[in-house]
> 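Sharing a structure here in structure tokens format.
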Amino acid sequence: MPELPEVETIARGVDARVRGDRIVDVWFGTHREPFKTPAVRQAEGLHERKIVSVHRVGKHIVVELGGENDARSGKKPARTQDSAIVAQWVVHLGMTGRLLVTSPDAPVAKHTHARLRLASGRELRFVDPRRFGRLDFRDLRKGQAFAGPGAEPLAIEPAEFVQLFRGRKLAIKAALLNQTLLAGVGNIYADESLFRAGIRPRRKAGRLTRVELEKLRLALRDVLEHAIRLGGSSVSDYVDAEGVRGFFQLEHCVYQRTGEPCLRCGSTIKRIVVAGRSTHYCAHCQR
DNA sequence: CATTTCACCTGGTGGC
DNA sequence: TGCCACCAGGTGAAAT
């Protein structure tokens, strides 16, 4: 489901609704859980924490947590140092994951794997039919702070961008999808940015010129920023934290437009497979 | 090490 | 209506 613009949209929406709230009850499903940290340990760590903020790192959603969760020992939670971040809940949505803020009496969707009841009465729910998503709890006092791999496509400078691909023999499309190089780019925005930069997906990453790479960096940044403004791409079932669809799918130039005319030159959009992923491009506009 | 392939899942779609 | 093949926005382990 989600690439950088969708994850950014969701993180902003969740942040707006749960920032400052407190987790008062935690429920995890048990059926082959998509969890990095065992559900029991996550539930213990999340209980009675304050949600300080929610933001995006690459395709990950990081929930910053404060407060002492000593409710289990019967003591009242400490209120003084609430805003100091002591832990993180890291959510990766995989292909079909959703992070939803609901009212407590909203019907529980099939494939709901986690429910966090909040002091405000709302619930934060993780739903993921395909179970490619991951949930992870990190205790900062144990030095487990989350650091996403890869550079941020919205912030990377020209020289660093060039350096990422130097000497690499893999296809530029495959390189864009590699999260340890750039974090957050997936299949849609790889295809769309390569179209806008006029570069064929199968070109070897290390053979691109400095000028081409700068065109690509700017195309990627523009496409991602534009998509964020439109709330992401709703290709099948993607929705934001409120269940609202995005609109960038209406602006796709090549992605899932196989056989249709190129919006720029009119020639037919082709579909090939690169790095095991379907890849869409215009053979006339991309060289 | 760099790169490629494939398994992991459920669900939707379109052909017959 | 049903059955089946194929496709799907992501990763990371295993193979090359």
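Below, chain A is the first sequence line, B the second, and so on; all start at residue 1.
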> Evaluate the side chain to side chain contact (heavy atoms under 4.5 Å, CB included) criterion for residues A/F126 and A/T112: first the C-alpha distance (whole Å), next the side-chain angles of each, then the deciding distance (0.1 Å), finally the verdict.
CA-CA 6 Å; A/F126 176 69; A/T112 297; over 6 Å; no
> Is there a donor in the side chain of A/R19 and an acceptor in the side chain of A/S53, or the other way round, less than 3.5 Å apart?
no
> Tell me which nucleotide among C/dT11, B/dG11, C/dG12 gets nearest to the side chain of A/H92.
C/dT11
> Return the value, rounded to whole Å, for the distance between atom OH of A/Y189 and atom P of C/dG10.
10 Å
> OP1 or OP2 of C/dA8 versus the side-chain N and O atoms of A/R271: is any pair under 4.0 Å?
yes
> Atom pairs under 3.5 Å, N or O on each side, protein against nucleotides 3-6 of chain B: can you list them with distances?
unit_1	atom_1	unit_2	atom_2	d
B/dT3	OP1	A/K169	N	2.6
B/dT3	OP2	A/R168	NH1	3.0

> Compare the minimum distances between each of C/dT11, B/dG11, B/dT10 and the side chain of A/Q179, then state the nucleotide with the smallest one.
C/dT11
> Between the side chains of A/T9 and A/D240, is a donor N or O closer than 3.5 angstrom to an acceptor N or O?
no
> Output yes when at least one side-chain N/O atom of A/R131 is less than 4.0 Å from OP1 or OP2 of B/dT10, else no.
yes
> Let me see the working for A/E44 and A/V40 under side chain to side chain contact (heavy atoms under 4.5 Å, CB included), right down to the final yes or no.
CA-CA 6 Å; A/E44 280 173 8; A/V40 179; 3.9 Å; yes
> Do you see a donor-acceptor pair shorter than 3.5 Å between the side chains of A/H55 and A/E64?
yes
> Which nucleotide in the set C/dG10, B/dG11, C/dG12 lies at the smallest distance from any side-chain heavy atom of A/K59?
C/dG10
> Using OP1 and OP2 only, check whether a side-chain N or O of A/S278 sits under 4.0 Å from C/dA8.
yes
> DNA chain B in dot-bracket, Watson-Crick or G-U pairs under 3.5 Å, [ ] crossing, | other strand?
.|||||||.|||||||
> Determine whether the aromatic ring centres of A/H226 and A/F248 lie less than 6.0 Å apart.
yes
> Step by step, work out the side chain to side chain contact (heavy atoms under 4.5 Å, CB included) result for A/V54 and A/V18.
CA-CA 8 Å; A/V54 181; A/V18 306; 3.9 Å; yes
> Using the rule given for side chain to side chain contact (heavy atoms under 4.5 Å, CB included), can you reason through A/Y281 versus A/R202, listing the C-alpha separation, both sets of side-chain angles and the distance that settles it, and then say yes or no?
CA-CA 10 Å; A/Y281 75 105; A/R202 283 219 175 101; 5.8 Å; no
> Specify the residues of residues 251-258 of chain A, ordered by number, for which at least one heavy atom lies under 4.0 angstrom from an atom of DNA chain C.
A/Y255
> Can you find a side chain N or O atom of A/R130 that sits less than 4.0 Å from OP1 or OP2 on C/dG10?
no
> Please determine, by modelled atom types, if A/S233 and A/Y189 share a side-chain donor-acceptor pair under 3.5 angstrom.
yes
> Any side-chain heavy atom of A/R196 within less than 4.5 Å of one from A/L220?
no
> Just by distance, no angles: are the side chains of A/H280 and A/D191 close enough, under 3.5 Å, to form a donor-acceptor pair?
yes
> A/F132 has a side chain; which of C/dT11, B/dT10, B/dC8 sits nearest to it?
B/dC8
